Asker: 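Have a look at the structure that comes next, please.
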Amino acid sequence: MSETALGPAVRAAALERMRRERFDLLVVGGGITGVGIALDAATRGLSVGLVEAHDIAAGTSSRSSKLIHGGLRYLEMRDFGLVREALRERRLLLTKLAPHLVRPVPFLFPLRHRLWERPYLGAGLLLYDTMGGARHVPRSQHLSKRAALRSAPALRPDSLVGAVRFHDAQEDDARFAVHVARTAAGHGAAIATRAAVTGFARDQAGRIVGACVRDDLGGRELDVRARHTLVAVGVATDRVLELATGRPQHALRPSKGIHVLVPRAAIRMETGLFMRTEKSIFHAIPWGADHWLLGDTDTEWDGEPDAPVANRADVDYVLAKVNSVLVRPVAKAEICSVYAGLRPLVAAEGTASTARLSREHRLFAPLPGLTAIAGGKYTTYRVMARDAVDAAGRDLGRVRPSRTHEVPLVDAAGEVDALVAADAALAEPIAGTRHRVADAVHACTHEAALDLDDVLTRRLRISIEVPDRGRAAAAAIAPPVASALGWSDARAADELARYLRLRDAEAAAEDAPDDATARARYRAVLDAPKGV
Ligand SMILES: Cc1cc2nc3c(=O)[nH]c(=O)nc-3n(C[C@H](O)[C@H](O)[C@H](O)COP(=O)(O)OP(=O)(O)OC[C@H]3O[C@@H](n4cnc5c(N)ncnc54)[C@H](O)[C@@H]3O)c2cc1C
């Protein structure tokens, strides 16, 4: 296995390879699906290049509920195949591929109706257990009302008549995706972030033979050649396929989901909470030792596929949902942060609500030499990657079967300590957080972070966990990050200003009454001339 660290020099080398080599496969998009594809293809012996427009997991893959789950609600939709497949993936990840990144998490499902609800839900959970759920997490368990309130004293006694406890699994989505990317790099994939596909190359027969890529740090364009190109750009699928085909595309129907982070002390419970809503489900998910992740929502999104933001109605909905069952309501002032993501749902004729759209993935083959994949869910990324590479393999010919079911993800334990051993100053804590300066430097030298937002939002999560959204931390880590990434003082000052502006833009949006106003406020703050 080659080097798995993804630092700036490795990015430069990857771009150099992209300039010179003709890859078997070019992957467009570095969300969980794209990095999963890179790993699947590289471990089959294919030469692989991957380009990501922003950062690894900058899109939906850092904005999910962060659950590796069978999908209890899909049982109700009678999507048994999807549940079985997801439970199999959950087991693989917990036991073999990523036990260092995925852990079981308990949920309480309060019952509201006497007589029918317990047997109905009990049967569903029995199916969940027997489909594979109970082999690697504790079996589901029925609780009396009194026992339920003992483990969740925050719940209003009149909000339940009893409960069922069950387990799913949890990970840090952005961090997990970086580990997949690093593992792919270790198997030979060339990975470059801040490298966006702006067009596709065709041969005389009309076959796609590569893509035009903009290197946003080097300010150059390069033509990357590949025998097959696989597009895994989530909600940007229509936009990117339009670049290839020259025709508007309508394959996706994105829906927005937001989460609200509140301190653990705001809700006295020893377990997560899982509730049915009119449209879908609602979770309170333990996040680290100090927070709850509350959400999510499911609303149609008709804006641009980048930078979704929450609005006031979204936040009010989440608070109203959780407060409807709590003795002591969570106040708006207790909110640490809010984040929004877009589900890359595949459109289906005649389905009115996005909550009812299938979470299955779909492959598209719009042109010879080009395949796209969209839909699905984080939990089943490995299956999506396998199916995508199988499809490309039919075009490439003589491609070995997938073997990612036996390839553990890189375990980076000890790397940060090694940095501290080499430079004791890095042991300094980042004030107000659970991290050391070394963690920020490590994000740049090993985890492909290229600016303060990559470090604070997607590697260390400081921007969502700390009430000032990481403003103080950004100022504290700017100098060591600048030195890890080779920035001048002026560049470091610009980067810091940009980080602060991003957080201001999010805060401005969160108080807007609707998506259109939220987006306008977000852009207005972000695009304002410097110094305003
Ligand atoms: C609110 C919410 C909660 C969810 N919760 C869960 C959950 O708990 N469990 C679960 O299993 N699933 C969950 N999901 C679903 C899951 O998060 C997504 O299915 C998954 O992250 C999609 O990954 P992706 O790689 O396909 O897309 P993305 O993560 O969006 O990645 C696409 C990437 O393509 C890049 N890109 C776009 N255009 C270009 C271009 N021109 N050139 C290069 N790169 C480009 C983008 O920058 C982006 O990084 C949730 C989704 C949402 C919205």
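Counting starts at 1 for both ligands and their atoms, in listed order. In this text, all values refer to a predicted model and were calculated from it rather than measured experimentally.
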Asker: For the atom pair CG (Asp296) and CD1 (Ile285), what is the distance rounded to the nearest 0.5 Å?
Answerer: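 Taking CG in Asp296 and CD1 in Ile285, the distance rounds to 8.0 Å.
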Asker: Can you tell me which portion of Ala236 lies within the under-4.0 Å heavy-atom range of ligand 1? Options are side chain, backbone, both, or neither.
Answerer: side chain
Asker: Lys256 and side chain to side chain donor-acceptor pair (under 3.5 Å): which partner among Asp314, Thr299, Thr297?
Answerer: Asp314
Asker: Using a 4.0 Å heavy-atom cut-off, which part of Ala374 comes near ligand 1: side chain, backbone, both, or neither?
Answerer: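 Within the 4.0 Å criterion, Ala374 makes no contact with ligand 1.
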Asker: Checking the N or O distance criterion of under 3.5 Å, is ligand 1 in contact with Thr60?
Answerer: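 N/O-N/O distance below 3.5 Å exists for this pair.
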Asker: Judging by distance only, is a nitrogen or oxygen of Arg63 under 3.5 angstrom from one on ligand 1?
Answerer: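 No: no nitrogen or oxygen of Arg63 is under 3.5 Å from one in ligand 1.
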Asker: Using a heavy-atom cut-off of under 4.0 Å, does the side chain or the backbone of Val51 touch ligand 1, or both, or neither?
Answerer: backbone
Asker: Does only the side chain of Leu342 get under 4.0 Å from ligand 1, or the backbone, or both, or neither? Count heavy atoms.
Answerer: backbone
Asker: To the nearest 0.5 Å, what is the distance between OG (Ser463) and CG (Leu452)?
Answerer: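 Here the interatomic distance stands at 11.0 Å.
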Asker: Do His250 and Asp238 have side-chain atoms, one donor and one acceptor, less than 3.5 Å apart?
Answerer: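 The criterion, which ignores hydrogens and geometry beyond distance, is not satisfied for Asp238 and His250.
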Asker: If we only consider heavy atoms of Lys256, is any one of them less than 4.0 Å away from an atom in ligand 1?
Answerer: no
Asker: Below the 3.5 angstrom mark, is there an N/O of Tyr378, backbone or side chain, next to an N/O of ligand 1?
Answerer: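 There is such a contact, yes.
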Asker: With side chain to side chain contact (heavy atoms under 4.5 Å, CB included) as the test, would you mind laying out the steps for Arg312 and Asp514 before giving the verdict?
Answerer: CA-CA 7 Å; Arg312 196 194 319 145; Asp514 52 52; over 6 Å; no
Asker: Give the residue, atom name and distance (to 0.1 Å) of the protein heavy atom nearest atom 40 (C) of ligand 1.
Answerer: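 Scanning the protein heavy atoms, the shortest distance from atom 40 (C) of ligand 1 goes to Val197 N, 3.8 Å.
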Asker: So which protein heavy atom does atom 21 (O) of ligand 1 come closest to, and at what separation?
Answerer: Ser61 OG, 2.9 Å
Asker: Should the proximity of Val233 to ligand 1, defined as any heavy atom under 4.0 Å, be assigned to the side chain, the backbone, both, or neither?
Answerer: both
Asker: Taking the ring centre of each residue, are His283 and Phe107 less than 6.0 Å apart?
Answerer: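 Yes, ring centres under 6.0 Å apart.
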Asker: Hey, looking at atom 4 (C) of ligand 1, which of Gly34, Ser64, Gly59 has the closest heavy atom?
Answerer: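 When every heavy atom of Gly34, Ser64, Gly59 is considered, Ser64 comes closest to atom 4 (C) of ligand 1.
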Asker: What protein heavy atom lies closest to atom 49 (O) of ligand 1? Include the residue and the distance to one decimal.
Answerer: Glu52 OE1, 2.7 Å
Asker: Determine, considering heavy atoms only, which of Ser65, Gly30, Pro344 sits nearest to atom 3 (C) of ligand 1.
Answerer: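 Residue with the shortest heavy-atom distance to the ligand atom: Ser65.
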Asker: Between Phe282 and Phe274, does the ring centre distance come in under 6.0 Å?
Answerer: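 Phe282 vs Phe274: aromatic centres not under 6.0 Å.
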Asker: Judging by distance only, is a nitrogen or oxygen of Met384 under 3.5 angstrom from one on ligand 1?
Answerer: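 Checking ligand 1 against Met384, no N or O pair falls under 3.5 Å apart.
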Asker: Identify the residue among Arg194, Met18, Arg11, Glu221 that makes a side chain to side chain contact (heavy atoms under 4.5 Å, CB included) with Asp215.
Answerer: Arg11
Asker: For ligand 1, which part of Arg239 has a heavy atom less than 4.0 Å away: the side chain, the backbone, both, or neither?
Answerer: neither
Asker: Pairs of nitrogen or oxygen atoms closer than 3.5 Å, one from Thr33 and one from ligand 1: do any exist?
Answerer: yes
Asker: Got a second to check how far Leu25's CG is from Thr229's OG1, nearest 0.5 Å?
Answerer: 7.5 Å
Asker: Quick one about Thr193 and His54 (side-chain donor to acceptor, distance below 3.5 Å, no hydrogens or angles considered), yes or no?
Answerer: no
Asker: Considering only non-hydrogen protein atoms, determine which one is nearest to atom 9 (N) of ligand 1 and report residue, atom name and distance to 0.1 Å.
Answerer: Leu67 O, 2.8 Å
Asker: Mark yes or no: Arg501 above the aromatic ring of Tyr499, with NZ or CZ under 6.0 Å from the six-membered ring centre and no more than 45 degrees from the axis.
Answerer: no
Asker: For atom CZ of Arg498, is the number of surrounding heavy atoms from other residues, nucleotides or ligands below 6.0 Å larger than 12?
Answerer: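 12 or below, so no.
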Asker: Between the side chains of Arg469 and Glu510, is the shortest nitrogen-to-carboxylate-oxygen separation below 4.0 Å, so that they form an ion pair?
Answerer: yes
Asker: Among Val235, Asp296, Val213, which residue places a heavy atom closest to atom 2 (C) of ligand 1?
Answerer: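 Minimum heavy-atom distance to atom 2 (C) of ligand 1 goes to Asp296.
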Asker: Can Gly376 be said to touch ligand 1, with heavy atoms closer than 4.0 Å?
Answerer: yes
Asker: Counting non-hydrogen protein atoms only, what is the nearest one to atom 44 (N) of ligand 1? Give residue, atom name and distance.
Answerer: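 For atom 44 (N) of ligand 1, the nearest protein heavy atom is Ala53 N, 3.1 Å.
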